[in-house]
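In what follows, a structure is listed as structure tokens, so that the remarks can point back to it.
This one's a predicted model, so the numbers in the text were calculated from it and none came from an experiment.
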Amino acid sequence: MKEPYENHEKKPIWIYVSLSIVLVIGVTLFVIKSGQQKVIKDRNALIKSLNESEDPKGNAFTVQEFITFMNSQPDNDRGRDNVIAAITTLARLQGDDVDKAISTQLEKIKTGNSIIRSGLIGVMVDKGYVEAVPKILDFINDNDNEVADAAVYAVGELGDLQNVEVLLDSLATASGKRADALEGAVIRICLKESNPDIRNTEVRRILGQESPTGDYRRRILRILGSLGGKKAWTDLKRILDGNDPDGRKAVLQTIGSWPNSAPLKTLNGIIFNEKDEVIKRLAFRAYVLLLSDSASIPDESKCEEIAKLFKINFSKNDKLILIGALSTLATEKALKLASEVGDQNESYKRSADLASKKISDNISKVVKFNDSEKVYSAEGALVMGEEPFSYSVSAAAVIGWKNPYYYIVWPINFSEAGSYELILNHQKPSAGGGDFEVVLGADKEMFKVSDSDTFEDKNLGSFSVQNPGTYRLIIRGLNLENNDGELMNVRSVGVKKSD
């Protein structure tokens, strides 16, 4: 009798070899997949821990892990939420080469998820990483509006005058919101330069050499109207005195923010002599804005000009603008005028009463200078900003200057015209510092916060007032050395009559 196995044919050896190979491949794939799953699991754990950390730290490898994580997210609500959370953490991530690594990633993602691309651009703004600007410039004409808008904004925040030409080239063919964003970015960059005749150079070149037309020309004129400068004013005055209605309107739209009172006489002439009602009203609004903001004109003279404008037959809205301008003054005549306006017309009564209260408050803050030398405490100053920017009794100083554009004002009534030496008593907070400007009369100077952690005096030099009256001594922030820091703490300002 034969053994059972003798009833079966022998299998070819290749079957056994193939089975072995398949088994090896399967095991290998399983190991690879398991390894990949472990990598993904470890990555997700890393991202989660950093997202939850109050002070996340990492390096270039960490940044790459974030990018890989974001690229792996599905295109649904949960995936988008994960990407946004990761971008928020990247903005807080600290460590060696982190900022550089994020900037480098921008070169590798010219296309793809718009949330990731625009988010990384935003991270560079949050970190103040100016070295990323050349890479960000590649995105200002991106086909995705979200990415392009983020890039334009970022260049406006981080860029310098060298970037203005590129932005203006894009502005020449842009329209709508994209053009608005480019226009704003050019203005923000230019205003970083304190010298008006330097910051407006490229814009003046475009106007004079390239002869822009249409909407591009109107935007160039508006930009120039925001920048100031003697040469620029010569260019714009020629247009205001000319017969180009579109050009005149474009100039009038921004000339109200001119850094000094030079345009006031021309604007006043347009108000009283212009026949075109649109141009006349634009000139009126620019004039009132510029008059209110002019530090070289005492409040007494401003009140006289506002009183004259009330006699012109402007609309109710225009009269309300005048009442608003009146409310910024700090004189008894301004208080009387506000009361008269409210009594004469019931429709202005509420606004006039509010203006009267504001003027009374302003008057209470006015300090008089009729001596040879005085020191004015920050406690009596007008602190123009939001909490925590305020006067601290315990510190005996204005503190919390986290927004560089906040400012402090002392309304001072000078009994005599002349030159006055200013001394600022201030302190540099921990991880603070930056630049600020001081304005009194027609003079404006820029300074750097002293590098001292104790209060010390800083001589600001000599400033002049041309006529007796009530002026505003303004200390305005310009920028911060550290985006997360504070500009300075201010205890007082000293005023000394120059010999």
Side-chain angles (χ1 to χ4, degrees), residues 293-300 302 328-332 334-335 358-385 388-401 405-429 434-450 452 454-478 486-499:
D293 197 47
S294 178
S296 63
I297 301 174
D299 280 13
E300 291 77 4
K302 291 180 181 180
T328 66
L329 305 183
T331 68
E332 293 295 337
L335 186 61
K358 185 68 170 61
I359 295 169
S360 296
D361 185 53
N362 294 342
I363 292 174
S364 71
K365 295 287 187 178
V366 174
V367 292
K368 296 184 180 294
F369 186 91
N370 47 21
D371 301 313
S372 60
E373 184 174 359
K374 266 192 175 181
V375 175
Y376 301 107
S377 168
E379 184 176 11
L382 297 168
V383 182
M384 311 305 288
F389 184 52
S390 61
Y391 180 80
S392 166
V393 175
S394 60
V398 170
I399 63 173
W401 206 324
Y405 303 114
Y406 288 164
Y407 59 101
I408 306 173
V409 181
W410 283 270
I412 303 177
N413 183 272
F414 291 91
S415 59
E416 297 180 8
S419 297
Y420 296 86
E421 183 180 331
L422 305 181
I423 299 97
L424 180 69
N425 186 260
H426 73 310
Q427 171 197 45
K428 181 178 179 179
D435 297 322
F436 64 97
E437 69 177 10
V438 178
V439 182
L440 177 62
D443 297 328
K444 180 188 296 185
E445 298 293 340
M446 187 175 78
F447 301 92
K448 195 170 193 65
V449 173
S450 298
S452 173
T454 60
F455 281 94
E456 67 173 35
D457 287 340
K458 184 181 187 72
N459 193 310
L460 304 176
S462 185
F463 292 70
S464 61
V465 295
Q466 299 301 316
N467 298 287
T470 305
Y471 294 81
R472 280 159 179 71
L473 194 169
I474 304 170
I475 298 179
R476 180 184 289 116
L478 295 176
E486 298 177 5
L487 180 63
M488 61 178 167
N489 300 327
V490 174
R491 181 161 284 173
S492 65
V493 66
V495 181
K496 181 178 180 182
K497 186 78 164 66
S498 299
D499 296 331

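Counting all heavy atoms, side chain and backbone alike, Ser390 lies closest to Val383 at CA-CG1, 4.1 Å. Contact between Asn489 and Gly400 at its shortest, heavy atoms only, is OD1-N, 4.3 Å. Taking all atoms of both residues into account, the shortest heavy-atom contact from Ser377 to Tyr391 is OG-OH, 4.3 Å. Shortest non-hydrogen contact noted between Pro298 and Ser296 is CD-O, 3.9 Å. In plain terms, the two heavy atoms of Ala417 and Lys497 that are nearest each other are O-NZ, 4.1 Å. The minimum heavy-atom distance between Leu329 and Ala334, with the atom names listed, is CB-CB, 3.8 Å.
For Asp443 and Ser464, the side-chain atoms include at least one donor-acceptor pair closer than 3.5 Å.
Applying the ring-ring contact (aromatic ring centres under 6.0 Å, His included) criterion to Phe389, with sequence neighbours excluded, gives Trp401, Tyr406.
In this structure, the side chain of His426 engages the main chain of Ser450 through a donor-acceptor pair within 3.5 Å. Using a distance-only test at 3.5 Å, with no hydrogens or angles considered, a donor-acceptor pair links the side chain of Lys458 to the main chain of Lys448. Under the 3.5 Å distance criterion, the side-chain polar atoms of Gln466 are left unmatched by any main-chain donor or acceptor of Gly441. Between the Asp299 side chain and the Ala330 main chain, a donor and an acceptor come within less than 3.5 Å of each other. Side chain of Arg491 to main chain of Glu456: no donor-acceptor pair is present (N/O by atom type, distance under 3.5 Å, no hydrogens or angles). Distance alone, capped at 3.5 Å, is enough to place a donor-acceptor pair between the Lys302 side chain and the Ser294 backbone.
To the nearest 0.5 Å, atoms CZ (Arg476) and CE (Met446) are separated by 13.5 Å. From Leu424, atom CG reaches atom CZ of Phe447 across 9.0 Å, with rounding to the nearest 0.5 Å. Between the CG atom in Leu487 and the OH atom in Tyr407 there is a gap of 15.0 Å [rounded to 0.5 Å]. Once rounded to the nearest 0.5 Å, the distance linking CG of Asn459 with CD1 of Ile423 reads 5.5 Å. Between Ile474 atom CD1 and Trp410 atom CH2 the span is 11.0 Å, to the nearest 0.5 Å. Distance check: Lys365 NZ to Arg472 CZ gives 13.0 Å after rounding to the nearest 0.5 Å.
The number of heavy-atom neighbours closer than 6.0 Å to CG of Asp435, taken from other residues, nucleotides and ligands shown, is above 12. Counting heavy-atom neighbours within 6.0 Å of Lys374 NZ, excluding the residue itself, gives a total above 12.
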Please test Leu422 against Glu445 for side-chain contact (heavy atoms from CB on, under 4.5 Å), starting from the C-alpha separation and ending with a verdict. CA-CA 11 Å; Leu422 305 181; Glu445 298 293 340; over 6 Å; no
#### Entry: side-chain contact (heavy atoms from CB on, under 4.5 Å) between Val409 and Met384, worked out
CA-CA 8 Å; Val409 181; Met384 311 305 288; 4.1 Å; yes
- Task: Carefully, step by step, assess Ile363 and Ser360 under the rule side-chain contact (heavy atoms from CB on, under 4.5 Å).
- Result: CA-CA 5 Å; Ile363 292 174; Ser360 296; 5.6 Å; no
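The only member of Leu473, Ile412, Asn413, Val465 that meets side chain to side chain contact (heavy atoms under 4.5 Å, CB included) when paired with Phe369 is Ile412.
Note: Tyr420 and Phe414 have tilted aromatic rings, judged against thresholds of 30 and 60 degrees for the angle between ring planes.
Between Pro388 and Ile399, the closest side-chain pair of non-hydrogen atoms is not below 4.5 Å.
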